[in-house]
> 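Dropping a structure here in structure tokens format, bear with me for questions.
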Amino acid sequence: MSRTADINIKDNHIGETIGQFLKKILESDEVAAVLTPHRPAEKDMIMPRFITDPEHLQGAEPLSPAFAVNSARLVSRLTRQSPGGTIAALLRPCEIRAFVELVKLNQGSTENLIIIGTDCPGALQNADFFAFAEKHGDKATARFLETAFSDDQASAEDLQIAPACRACTQPTPEGADLAIGLFGLQPGPKIQVYAQTERGEVLLEKLGLEEAQADEKHQSAAEDLISRRSQARQEMIEQTRAATDTMEKLADYFSRCINCYNCRTACPVCYCRECVFATDVFDHEPVQYMKWAGRRGSVKMPTDTLFFHLTRMAHISTACVGCGQCANVCPSNIPLAELFISVAEQTQSAFSYQAGKSIDEQPPLAVFQEDEFQEIVGIENGS
Amino acid sequence: MEEQFDPVIVAFVCNWCTYTASDLAGTSRLGYPKNIRLIRVMCTGMVDTQYIIKAFLEGVDGVLVSGCHPGDCHYINGNFKARRRMKLLKTILPQFGIEENRLRLTWIGASDGIAFAETMQRLVDQIRELGPNPARAQQII
């Protein structure tokens with residue numbers, strides 16, 4: 001049985017309580033810095049902050065519904081070489097999964113890292129968060145949490161979590177050293193911390209928190225949520241497939257794409273230093289456009305939109321963790337998360353792989369076996 | 001007489017095996033259909049998925065990737081990597097209506113000139129049966 005501790009919530013303020021827990025960790029000798037979502041005083045924007053001075057943890061917003069960036073990329077920047085001390089990073093489950101993928105692609109390391117994961121009720125898309133924060137000010141996170149853990153759907157009237165989150169079937173922080181359990185415990189007087197690795201055990205012990213029994217309500221509430229989400233996910237995937245099952249429909253789906261490449265920038269697992277789509281290869285000569293149009297009568301501008309998205313599917317769908325940042329940053333509101341989640345489900349199952357699940361399992365395109373996929377070889381098969 | 005559909009097929013062939021086989025077919029005066037456009041690459045392991053996606057978006061009706069038999073790769077294991085990429089694309093493209101059989105993978109060794117010519121003929125017949133690539137009519141690439 002792994003070590004478990006109760007944390008009692010002070011003054012009904014769960015975010016501050018977790019903030020205090022982070023402070024305790026930062027003040028211990030075990031950790032030199034903390035990465036956590038943070039809200040600067042009097043401002044509405046919540047962004048990750050890298051903190052070495054415990055006093056600066058004032059304003060930490062560990063459970064904010066804001067999700068401006070998938071922090072896996074930031075943790076990758078912080079750990080690709082030794083940072084000279086141990087870092088504790090507070091991450092959502094999808095951020096942990098993305099980071100696991102990055103580690104497997106040699107873009108980061110867990111060596112000097114303690115991952116503190118939280119149960120995640122979901123996040124708001126940027127536009128929704130801005131409106132929500134404007135309305136509720138510094139009470140936004142508290143207001144979000146009131147409804148996020150309630151079964152009462154009506155109370156969530158002004159809260160619609162992102163499409164990717166509605167279809168997320170991995171809302172618990174697998175792979176974290178310490179997992180903060182909220183499901184089944186909130187609303188309530190306490191939360192629980194579970195050590196999921198040896199490193200987590202050691203830290204929890206050093207913090208001197210009293211050992212407690214893991215609350216069964218947590219496990220069952222998580223399972224309930226996952227089964228509801230699984231159903232929503234299947235529906236979403238079916239709808240998306242039906243909306244894109246011909247090239248014509250796919251072209252419609254992407255017809256608003258302006259080649260801004262925000263999705264690529266925001267994608268935590270799209271990690272190439274130089275993307276081929278940013279190279280001279282795509283600086284077409286004017287005569288090339290004339291050829292394209294001439295062949296078909298006309299060509300939609302800007303060009304290379306389908307090419308870009310299909311290539312991205314081929315390059316990263318086996319690593320896609322379904323965080324939905326691609327959709328979050330799309331200025332044309334293309335429902336990218338739905339499509340990438342649908343495609344990823346197929347490609348990952350083709351290789352019996354689940355992105356972000358295990359740090360030891362090699363990415364599908366990094367390995368091979370000699371006697372696999374015989375059925376796709378030859379031109380006699382399947383015809 | 002009804003006009004026969006004349007497919008365009010791009011074949012990425014590896015320098016060491018299938019391209020050499022095509023050369024042998026030529027020097028042996030074996031004919032094969034003009035529908036095939038050979039692109040010689042050093043190894044099937046260097047055929048990135050985007051080359052194939054690009055070919056389909058440009059309107060080709062079929063894509064063949066052909067290299068050395070397992071164990072014969074000049075670069076030890078490039079053909080195994082190619083097979084994984086083909087599996088990947090054969091999972092992605094059919095979701096959007098590009099039939100799986102438009103994309104084929106074969107191993108044709110350097111001494112298989114006859115096999116090369118026969119495979120090309122059968123491939124053209126199969127793609128002809130499938131009809132034109134649905135992406136051909138799109139004005140978006």
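Below, each value reflects all heavy atoms present in this structure, side chains not excepted, and no hydrogens, waters or symmetry copies.
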> Which heavy-atom pair separates B:Leu88 from A:Ala314 by the least distance, and what is that distance?
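Shortest heavy-atom contact: CD2-O, 3.1 Å.
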
> Measure the spacing between CZ of A:Phe254 and CD1 of B:Ile140 and express it to the nearest 0.5 Å.
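The CD1 atom of B:Ile140 is 9.0 Å from CZ of A:Phe254, to the nearest 0.5 Å.
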
> Does a side-chain heavy-atom distance below 4.5 Å link B:Arg83 with A:Ile376?
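Touching, per the 4.5 Å side-chain cut-off.
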
> Tell me, side chain or backbone of A:Phe351 under 4.5 Å from chain B's heavy atoms, or both, or neither?
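Only the side chain of A:Phe351 comes within 4.5 Å of chain B.
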
> Any chance CE of A:Met290 has more than 12 other-residue heavy atoms, nucleotides or ligands included, within less than 6.0 Å?
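At most 12 heavy atoms, drawn from other residues, nucleotides or ligands, come within 6.0 Å of this atom.
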
> Taking atom CD1 of A:Ile359 as the centre, does the number of heavy atoms from other residues, nucleotides or ligands within less than 6.0 Å exceed 12?
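Above 12, so yes.
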
> Looking at side-chain heavy atoms only, is the closest gap between A:Glu375 and B:Lys87 below 4.5 Å?
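Side-chain contact under 4.5 Å: yes.
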
> Does some side-chain heavy atom of A:Asp304 sit less than 4.5 Å from a side-chain heavy atom of B:Lys54?
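Side-chain contact under 4.5 Å: yes.
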
> Chain A: which of B:Met86, B:Glu129, B:Arg136 shares the most heavy-atom pairs with it under 4.5 Å?
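Winner by heavy-atom pair count: B:Arg136.
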
> Taking every heavy-atom pair that is under 4.5 Å apart, which of A:His315, A:Met301, A:Glu372, A:Arg295 has the most such pairs with chain B?
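The answer is A:Glu372.
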
> Can you confirm whether more than 12 heavy atoms, excluding those of B:Gln121, are under 6.0 Å from its CD atom?
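It does: B:Gln121 CD has more than 12 such atoms within range.
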
> In a check of side chain to side chain contact (heavy atoms under 4.5 Å, CB included) between B:Phe96 and each of A:Leu310, A:Leu306, A:Asp245, A:Thr246, which one passes?
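The option that passes is A:Leu310.
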
> So which of A:Leu250, A:Leu365, A:Asp371 has the biggest tally of heavy-atom pairs under 4.5 Å with chain B?
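Most heavy-atom pairs within the cutoff with chain B belong to A:Leu250.
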
> Within the distance-only criterion (no hydrogens, no angle test), does the side chain of B:Gln138 pair as donor or acceptor with the backbone N or O of A:Ala251 below 3.5 angstrom?
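Pair absent, no side-chain N/O of B:Gln138 close to backbone of A:Ala251.
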
> Please look at B:Asp48 and chain A and tell me whether the side chain, the backbone, both or neither of the residue comes under 4.5 angstrom of a heavy atom of that chain.
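Only the side chain of B:Asp48 comes within 4.5 Å of chain A.
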
> Counting heavy-atom pairs under 4.5 Å to chain A, which of B:Asn133, B:Thr106, B:Leu130 comes out on top?
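Heavy-atom pair counts peak at B:Thr106.
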
> Using non-hydrogen atoms only, which part of B:Lys90 is less than 4.5 Å away from chain A: side chain, backbone, both, or neither?
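It is the side chain, since no backbone atom gets that close.
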
> For A:Arg77, look at atom CZ and say whether over 12 heavy atoms of other residues, nucleotides or ligands are found less than 6.0 Å away.
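No, not enclosed.
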
> Given heavy-atom pairs under 4.5 angstrom as the criterion, report whether the side chain, backbone, both or neither of A:Pro364 touches chain B.
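Contact with chain B is through both the backbone and side chain of A:Pro364.
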
> Where does B:Ile98 contact chain A at under 4.5 Å (heavy atoms): side chain, backbone, both or neither?
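The side chain, not the backbone.
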
> Between A:Trp292 and B:Glu58, do the side chains contain an N or O donor and an N or O acceptor separated by less than 3.5 Å?
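Their side chains do contain a donor-acceptor pair, which is all the 3.5 Å distance test asks for.
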
> What part of A:Gln369 gets closer than 4.5 Å to chain B, counting heavy atoms only: side chain, backbone, both or neither?
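Backbone of A:Gln369 only, per the 4.5 Å heavy-atom cut-off to chain B.
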
> B:Thr91 and A:Ala350: which non-hydrogen atoms are nearest, and at how many Å?
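Smallest interatomic distance, heavy atoms only, reads OG1-CB, 3.6 Å.
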
> As an exercise, state the distance from CG of B:Leu57 to CZ of A:Phe308, rounded to the nearest 0.5 Å.
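Reported value, rounded in 0.5 Å steps: 13.5 Å.
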
> From B:Lys81 NZ over to A:Phe368 CZ, what is the distance, rounded to the nearest 0.5 angstrom?
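The distance works out to 6.5 Å.
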
> Enter the distance from A:Thr347:OG1 to B:Gln95:CD here, rounded to the nearest 0.5 Å.
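One gets 7.5 Å once the value is rounded to the nearest 0.5 Å.
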
> Under a 4.5 Å cutoff for heavy-atom pairs, which residue among A:Thr303, A:Thr318, A:Val367 has the most contacts with chain B?
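Most heavy-atom pairs under 4.5 Å with chain B: A:Val367.
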
> Among A:Arg296, A:Met313, A:Lys300, who wins on heavy-atom pairs under 4.5 Å with chain B?
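Top count of heavy-atom pairs under 4.5 Å with chain B: A:Arg296.
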
> Check whether any side-chain heavy atom of A:Glu370 lies under 4.5 Å from a side-chain heavy atom of B:Asn77, and answer yes or no.
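SC-SC contact between A:Glu370 and B:Asn77 ruled out.
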
> When only pairs under 4.5 Å are counted, which of B:Ile52, B:Ile92, B:Leu89 shares the most heavy-atom pairs with chain A?
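That would be B:Ile92.
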
